[in-house]
Amino acid sequence: MYKFLCVDFQNEFASKNGKWYNGGKSIDFINQTLSPYLAKKSLRVDEIISDYRPPRNKDSGIGCIPGEFGYQSALPDEIRNNDPWIKCMNSPVWTRKNIGNKFKKPGLPYQNTRAFNNWLKSKFGEPNNNLTIILFGLTLDCCVLATAQELYWHGYNFKILVEATDVMPNKDQLKIKNQIINGEVLNHWLNFITFEELIKQL
């Protein structure tokens, strides 16, 4: 069985009007190929999204502000499940008081592994060999990687959909992505699947 998990496919990263628009090919692939395919097959996606309001340790900018354009998911409603997990740092275990609440001031980031684990179980059940999570979104060398590590530590099988993720914006974006996919450094954490391989198994 396959279930789908998307990371940070929010307007801030996935829309040309977003503050941190990624500009990678994966955005067009998700919009033009993956999302229509999932809709046709009546397959739905769970999400991890970000609330990057201050204060944050190692703060690198303000964005993904609840209630604003950049915070909104760029996935179509017809494939999106409700109740996303909201994080405030690259790793999904980091949360905060009033996270995602546009009417209240956010608290300081803190780790809540138990809450994230409970969310995973509510969406994907207990880890088992019959379930593989198809992971995609932005970005492969940052938030998708951090999520993959947490899935591994929580005992879940997962594969990253090659065409549906990119690395952070860089002039050598494709080269860096290929180095991650084909290299040996991150093989302990990352497993990949192409869209062609996936559709043969669905």
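Below, all heavy atoms of this structure are taken into account, side chains as well, without hydrogens, waters or symmetry copies.
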Of all residues at least two apart in sequence or in a different chain, which pass the salt bridge (Lys or Arg N to Asp or Glu O under 4.0 Å) check with Asp51?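 For Asp51 the salt bridge (Lys or Arg N to Asp or Glu O under 4.0 Å) partners, ignoring immediate neighbours, are Arg53, Arg96.
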For the residue pair Val45 and Leu75, establish whether any side-chain heavy-atom pair is separated by less than 4.5 Å.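 They are in side-chain contact.
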Is the shortest heavy-atom distance from the side chain of Gln111 to the side chain of Thr95 under 4.5 Å?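 Counting from C-beta outward, Gln111 and Thr95 never come under 4.5 Å.
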Going through the distances and angles, do Thr194 and Glu163 end up as a side-chain hydrogen bond (donor to acceptor under 3.5 Å, both in side chains)? CA-CA 7 Å; Thr194 66; Glu163 297 90 341; 4.8 Å; no
Under a single-linkage definition using a 4.5 Å side-chain heavy-atom cutoff for Ile, Leu, Val, Met, Phe, Trp and Tyr, are [X] and [Y] assigned to the same hydrophobic cluster?
X: Leu131; Y: Phe116; value: yes
X: Ile180; Y: Leu138; value: no
X: Leu135; Y: Tyr2; value: no
X: Leu151; Y: Ile193; value: no
X: Ile86; Y: Trp119; value: no

State whether the number of non-hydrogen atoms from other residues, nucleotides or ligands found under 6.0 Å of [X] atom [atom1] is greater than 12.
X: Gln201; atom1: CD; result: yes
X: Asp83; atom1: CG; result: yes
X: Lys25; atom1: NZ; result: no

Minimum heavy-atom distance between [X] and [Y], given as atom pair plus value:
X: Glu12; Y: Lys19; answer: OE1-N, 3.0 Å
X: Glu150; Y: Ser91; answer: OE2-OG, 3.7 Å
X: Cys143; Y: Val7; answer: CB-CG1, 3.8 Å
X: Ile62; Y: Trp20; answer: C-CH2, 3.6 Å
X: Pro66; Y: Tyr71; answer: CA-CG, 3.6 Å
X: Pro55; Y: Pro109; answer: O-CD, 3.3 Å

Using 30° and 60° as the class limits, which term best fits the ring planes of Trp189 and Tyr152: parallel, tilted or perpendicular?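 Rings of Trp189 and Tyr152: perpendicular, as their planes differ by over 60°.
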side-chain hydrogen bond (donor to acceptor under 3.5 Å, both in side chains) between Asp8 and Ser50, worked out: CA-CA 6 Å; Asp8 282 353; Ser50 294; 2.7 Å; yes
So how far is it from [X] [atom1] to [Y] [atom2], rounded to the nearest 0.5 Å?
X: Asn98; Y: Cys88; atom1: CG; atom2: SG; value: 11.5 Å
X: Ile48; Y: Thr147; atom1: CD1; atom2: OG1; value: 4.0 Å
X: Leu120; Y: Asp46; atom1: CG; atom2: CG; value: 9.5 Å
X: Asp166; Y: Ile27; atom1: CG; atom2: CD1; value: 7.0 Å
X: Met168; Y: Phe13; atom1: CE; atom2: CZ; value: 8.5 Å
X: Gln72; Y: Ser15; atom1: CD; atom2: OG; value: 10.0 Å

Going by side chain to side chain contact (heavy atoms under 4.5 Å, CB included), Val144 matches just one of Thr165, Leu5, Thr139, Asn90. Which one?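 Per the side chain to side chain contact (heavy atoms under 4.5 Å, CB included) rule, the option paired with Val144 is Thr165, out of Thr165, Leu5, Thr139, Asn90.
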Tell me which one of Val167, Asn182, Asp172, Asp141 satisfies side chain to side chain contact (heavy atoms under 4.5 Å, CB included) with Lys177. Val167
Backbone N or O of Phe69 within a donor-acceptor pair of the Asn11 side chain at under 3.5 Å?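 Checked: pair present.
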Sub-3.5 Å donor-acceptor pair from the side chain of Arg44 to the main-chain atoms of Glu78, do we have one?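 Between the backbone of Glu78 and the side chain of Arg44 there is a qualifying donor-acceptor contact (under 3.5 Å).
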One pair to check against side-chain contact (heavy atoms from CB on, under 4.5 Å): Ile181 and Leu190. What are the steps and the verdict? CA-CA 8 Å; Ile181 293 172; Leu190 305 182; over 6 Å; no
Are Phe136 and Phe9 an aromatic pair, judged by ring center distance below 6.0 Å? no
Assess the pair Trp94 and Tyr110: is the distance between their ring centroids shorter than 6.0 Å?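 No - the distance between ring centres of Trp94 and Tyr110 does not fall below the 6.0 Å cut-off.
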Before giving the answer on ring-ring contact (aromatic ring centres under 6.0 Å, His included), spell out for Phe195 and Tyr37 the whole-Å C-alpha distance, their side-chain angles and the decisive distance to 0.1 Å. CA-CA 10 Å; Phe195 186 61; Tyr37 177 83; 5.4 Å; yes
Look at Asp77 together with Arg80 and state whether they make a salt bridge at an N to O cut-off of under 4.0 Å.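 Arg80 and Asp77: salt-bridged.
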Could you give me the CA-CA distance, side-chain angles and deciding distance for Thr132 and Tyr156, then say whether side-chain contact (heavy atoms from CB on, under 4.5 Å) is met? CA-CA 7 Å; Thr132 298; Tyr156 288 92; over 6 Å; no
Any chance you could lay out the side-chain contact (heavy atoms from CB on, under 4.5 Å) test for Leu108 and Lys97, step after step, and finish with the verdict? CA-CA 7 Å; Leu108 288 169; Lys97 185 177 180 179; over 6 Å; no
Under the side-chain contact (heavy atoms from CB on, under 4.5 Å) rule, what do Asn157 and Ile133 come out as? Steps first, then yes or no, please. CA-CA 6 Å; Asn157 299 319; Ile133 296 172; over 6 Å; no
I would like to know whether Tyr52 and Lys87 meet side-chain hydrogen bond (donor to acceptor under 3.5 Å, both in side chains); could you show each step before the answer? CA-CA 8 Å; Tyr52 284 163; Lys87 62 185 178 66; 2.8 Å; yes
